[in-house]
Amino acid sequence: MDRRLALVTGASAGIGMAFAHVLAAQGYDLALTARRGDRLEALAADLRARHGACALVFCADMAEAATPAALAEWLTREGRPVDALINNAGYGLPGDFAQSAWEDQAAVLQVMLNGPCELAHRLLPGMIDRGFGRIVNVASVAGLTPAGAGHTLYGPVKSFMVRFSQSLHQETRGTGVHVSALCPGLTWSEFHDVNGTRDRLSAGTPRWLWMEAEAVAVAGWRAVEANRAVAVPGAPNRIAAALAKLVPDEAIMALMASDGWRARSR
């Protein structure tokens, strides 16, 4: 119980799983949540065996509005305050906005916008009171560039998370709480398998543009430890983010309107 506790959402695969291993190696205990309980239990057993970490499992769907409150109440019952929050749960919803069901779009907002904000709101006061906290909001380099067609809410939501993180970063100065937005680009994980874009992206994207989930998680943790408000891992992603500040939005949107780009977005 003398170890700090980190809560990781979307911990069953990809960047979330990588964060769990990075934090366990840093001496943290873990609270893991995602929809797939079998994956979480396997990860928890691995963390215990490799790092001697206590790993708690809470199987839940972040698309449910009641989940953030249930998570916070569960940890209170466990007697474990949260010292680090990794808001990682997320996914892409392919297709056109007008042709989708609103329920599907609302779930995107709950998982990647409402849920992370509520968790931060519920856990931040305790971090400030204890004089220590780390919050990583996993955003995307897509949140730093104009949005294209397809996955209509993904880029705007990630852009919101960047600005939200910057605001919290400013508000928590001098409190011992660090807040960072992590903005990865293409990452080897199950993200593109789940939304059905793996084959198209793999065929049309050079391998050197992709990063391993472990490298992304390490970069994100280093950034929040250094209290950097925004972290963009990988040289290609940093170049893209820098160009997005220099090139007019209209030019980037014209590129995104091309047939090839639109095909990769669906």
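As a basis for the values below, the full set of heavy atoms in this structure was taken, side chains included, without hydrogen atoms, waters or symmetry mates.
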Mark yes or no: Arg4 above the aromatic ring of Phe132, with NZ or CZ under 6.0 Å from the six-membered ring centre and no more than 45 degrees from the axis.
yes
Do we see a donor-acceptor contact under 3.5 Å between the side chains of Ser12 and Arg36?
yes
Would you kindly say whether Ser165 and Asn137 are connected by a side-chain donor-acceptor distance under 3.5 Å?
yes
Can you say whether the rings of Phe58 and Trp74 are parallel (under 30°), tilted (30 to 60°) or perpendicular (over 60°)?
tilted
What's the shortest heavy-atom distance between [X] and [Y], and which atoms?
X	Y	result
Ala139	Val162	CB-CG2, 3.8 Å
Val8	Gly16	CG1-O, 3.5 Å
Arg122	Ala69	NH2-CB, 3.3 Å
Ala11	Leu43	O-CD2, 3.2 Å
Thr145	Ala240	CG2-O, 4.5 Å
Met127	Arg134	CE-O, 4.0 Å

Flag side-chain contact, heavy atom, 4.5 Å: [X] against [Y]:
X	Y	value
Leu124	Ile135	yes
Asp46	His21	yes
Met211	Pro184	no
Phe19	Tyr28	no
Gln105	Leu153	yes
Asn87	Val138	no
Leu75	Leu5	yes

Between [atom1] of [X] and [atom2] of [Y], what distance do you get to the nearest 0.5 Å?
X	Y	atom1	atom2	answer
Leu32	Glu41	CG	CD	9.0 Å
Leu56	Leu40	CG	CG	11.5 Å
Glu171	Gln166	CD	CD	12.5 Å
Arg35	Thr67	CZ	OG1	11.0 Å
Arg173	Leu168	CZ	CG	12.5 Å
Lys158	His151	NZ	NE2	12.5 Å

Does the [X] side chain pair with the main chain of [Y], one donor and one acceptor, at a distance under 3.5 Å?
X	Y	answer
Asn237	Pro233	yes
Thr9	Leu7	no
Ser159	Gly155	no
Tyr154	Tyr91	no
Asp96	Ala98	no
Thr175	Val177	yes

Working note: Arg238 + Val141, criterion side-chain contact (heavy atoms from CB on, under 4.5 Å); need CA distance, chi angles, decisive distance, verdict.
CA-CA 8 Å; Arg238 288 192 290 272; Val141 73; over 6 Å; no
Decide if atom CZ of Arg130 counts as having more than 12 heavy atoms of other residues, nucleotides or ligands within a radius under 6.0 Å.
yes
Is it true that Leu85 and Val230 fall in one hydrophobic cluster, defined by side-chain heavy atoms closer than 4.5 Å?
no
Kindly indicate, with the supporting measurements, whether the criterion side-chain contact (heavy atoms from CB on, under 4.5 Å) is fulfilled by Met161 and Phe164.
CA-CA 5 Å; Met161 292 308 296; Phe164 172 60; 3.8 Å; yes
Residues Arg80, Asp29: salt bridge by 4.0 Å N-O rule
yes
